[in-house]
Novice: 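This is the structure I have questions about; it appears just below.
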Amino acid sequence: MAKIRSKYVCQNCGYETAGYLGKCPECGSWGTFTEEKDVKPSETTFSELPDKIPPMKLSEIQMNSEIRMSTNISEFDRVLGGGIVQGSLILIAGDPGIGKSTILLQTSGELCKQNKKVLYVSAEESAGQVKLRAERLQIKSDNLYIYPQTNFELIKKHILDLKPDLVVVDSIQAIYTSDIQSSAGSVSQIRECCNSLMQIAKTQNISIIVIGHVTKEGNIAGPKVLEHMVDTVIQFEGDKYKTYRILRSIKNRFGNTSEVGIFEMSGNGLNEVINPSELFLKEYNQTQTPGSTIIVTSEGTRPLLVEIQALVGTTPYPAPRRIANGVDTGRVLQILAVLEKRIGLNLSKQDVYVNVIGGIDVNEPAADLGIALAIVTCVRDVVFDLHTAIIGEIGLSGEIRAVNHIEKRINEAQKLGFKRIIIPEANDIKEEYTGIEVVRVKRILEAITRGVKPSESA
Ligand code: TYD
Ligand code: MG
């Protein structure tokens with residue numbers, strides 16, 4: 001008989017202690033420990049361990065290529081690295097209301113069209129609520145089984161009975177196993193259920209997608225171990241006030257990470273955005289003002305054109321403000337320091353606001369030059385050339401440093417009708433471009449003089 005013991009577990013990171021602690025020594029959060037009763041797993045003896053596969057020579061290993069199911073949603077397939085790998089466990093995490101249930105019900109519908117069997121475990125909503133959503137998404141299929149259940153043992157039984165091609169668990173925080181006495185959503189429950197799901201996926205060769213909620217701080221609720229356990233972690237991001245949503249793979253054992261898929265939420269579900277740059281630049285041409293530039297950022301392997309805006313004004317505060325939306329504030333501070341030291345732009349009495357239009361996050365240094373030029377054009381009250389896109393990282397001595405995927409970025413700018421692109425001279429480009437002038441610059445000042453037309457800067 002297994003021994004029942006009690007322990008205290010940090011609900012943020014999964015750190016365990018025997019007694020209550022106010023502050024977690026692991027992640028530093030306060031008041032996150034709760035008591036959990038746990039069944040100590042019985043020790044595995046060597047005789048119980050399966051020994052079907054002895055150590056093998058590398059040359060003896062048979063390769064069986066992984067089988068992928070296409071979801072028929074190309075943006076989702078791209079993030080997954082080409083489709084759902086059979087027998088894999090995928091975690092989709094995101095804020096409440098972002099559209100996790102919607103995208104997975106749509107995916108289920110698409111797989112059913114290909115005659116695949118899908119079991120959708122709805123632990124948060126009743127069958128009626130799921131049906132209502134399915135009607136809205138125009139999903140009708142007898143291959144789709146909806147199972148409103150929170151008990152893991154029952155869910156497991158039906159997975160084994162039904163043997164579906166895909167199981168969706170909506171959500172991992174809402175299901176519980178009766179092996180453990182702590183409540184659903186606690187770290188022990190999440191870990192145990194996820195572990196068992198992993199075993200089902202691997203032993204039965206069934207693909208399983210679990211939905212996970214995100215905490216206020218933006219972390220995936222439950223311990224980091226959840227992320228370590230699964231094969232693929234996909235983050236669903238977006239501004240609740242905007243209609244588009246971004247799927248981003250942050251871990252993928254079967255594909256590229258940092259790959260993104262972009263969707264727009266509509267009245268009947270999530271639609272793929274095939275050309276996202278167009279979406280982000282929708283309002284650009286009409287609103288060109290001082291302090292606005294276009295950069296070509298790279299999301300995963302895909303280039304994306306976005307507008308950066310800067311606003312600089314005399315500060316009413318004793319300490320000037322630096323507020324950055326969509327870019328890292330530390331990065332903006334560094335750019336301001338370089339601008340002051342290298343081109344003598346002193347903004348110590350000015351507030352500086354930097355914003356990425358559309359609510360998307362740009363977290364790569366390649367955006368530096370675009371940010372710097374947005375600030376400079378705002379200070380000098382000049383308009384940056386409307387048809388010029390910018391790309392380049394700024395070094396501390398004011399030099400422009402090389403960026404990756406340069407050719408893809410140039411092609412994307414050209415595709416969207418830009419006539420010029422400013423790139424780092426340090427980047428080697430092989431192709432000759434027709435239709436777009438490629439301006440290669442070494443230093444910030446050069447980029448300013450080449451980008452701002454003389455007539456406008458006068
Ligand atoms: P949902 O998938 O329930 O979010 P999650 O599972 O991540 O909590 O989607 C919630 C929002 O999406 C809700 O505010 C309604 C909206 N929505 C649409 O705009 N169109 C649709 O077709 C559907 C199904 C939902
Ligand atoms: Mg939901």
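First listed ligand is number 1; within each ligand, the first listed atom is number 1. Since we're looking at a predicted model, the values are computed, not measured.
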Novice: Should the pair R331-E364 be classified as a salt bridge under the 4.0 Å nitrogen-to-oxygen rule?
Specialist: no

Novice: Distance to 0.1 Å, residue and atom name: give those for the protein heavy atom nearest to atom 15 (C) of ligand 1.
Specialist: R136 NH1, 4.6 Å

Novice: Tell me the protein heavy atom at minimum distance from atom 1 (P) of ligand 1, and give that distance in Å.
Specialist: T102 OG1, 3.5 Å

Novice: Any salt bridge linking K202 with D231? Criterion: basic side-chain nitrogen under 4.0 Å from a carboxylate oxygen.
Specialist: yes

Novice: Answer yes when E16 and R191 have at least one side-chain N-carboxylate O distance shorter than 4.0 Å, and no when they do not.
Specialist: yes

Novice: Please state which part of K100 comes within less than 4.0 Å of ligand 1, counting heavy atoms only: side chain, backbone, both or neither.
Specialist: both

Novice: Within 45° of the axis and under 6.0 Å from the centre of the six-membered ring of Y317, does NZ or CZ of R321 qualify?
Specialist: yes

Novice: Go through it in stages, so that I can follow the logic: the residues are R248 and D361, the test is salt bridge (charged side-chain N to carboxylate O under 4.0 Å, His left out), and I'd like the CA-CA distance, side-chain angles, deciding distance and then a yes or no.
Specialist: CA-CA 12 Å; R248 186 189 301 273; D361 281 343; over 6 Å; no

Novice: Are G99 and ligand 1 in contact, using a heavy-atom cut-off of under 4.0 Å?
Specialist: yes

Novice: Given C193 and Y176, is the side-chain contact (heavy atoms from CB on, under 4.5 Å) satisfied, shown in steps?
Specialist: CA-CA 7 Å; C193 291; Y176 72 95; 5.5 Å; no

Novice: Nearest to atom 19 (O) of ligand 1, what protein heavy atom do you find, and at what distance?
Specialist: M265 CG, 3.4 Å

Novice: With a 4.0 Å cut-off on heavy atoms, does S266 reach ligand 1?
Specialist: yes

Novice: Between the side chains of D170 and K100, is the shortest nitrogen-to-carboxylate-oxygen separation below 4.0 Å, so that they form an ion pair?
Specialist: no

Novice: Is the Mg ion (ligand 2) under 2.8 Å from any N, O or S atom of S171?
Specialist: no

Novice: If you have a sec, work out which protein heavy atom is nearest atom 6 (O) of ligand 1 and how many Å separate them, to one decimal?
Specialist: S101 OG, 2.6 Å

Novice: Below 3.5 angstrom, do we get any N/O pair linking G97 and ligand 1?
Specialist: yes

Novice: Check E412 with R302, please: is the shortest side-chain N to carboxylate O separation under 4.0 Å?
Specialist: no

Novice: Mark whether atom 13 (C) of ligand 1 lies under 4.0 angstrom from at least one protein heavy atom.
Specialist: no

Novice: Just to be sure I read this right, does ligand 1 sit under 4.0 Å from the backbone of P96, its side chain, both, or neither, counting only heavy atoms?
Specialist: backbone

Novice: Considering heavy atoms of the protein only, find what lies nearest to atom 22 (O) of ligand 1 and give residue, atom and distance to 0.1 Å.
Specialist: G269 N, 2.6 Å

Novice: Using a strict threshold of under 4.0 Å (side-chain N to carboxylate O), is an ion pair present between K251 and E227?
Specialist: no

Novice: Heavy atoms only, cut-off 4.0 Å: how does N268 contact ligand 1, side chain, backbone, both, or neither?
Specialist: backbone

Novice: Around atom 3 (O) of ligand 1, find the nearest protein heavy atom and jot down its residue, atom name and distance.
Specialist: R133 NH2, 2.8 Å

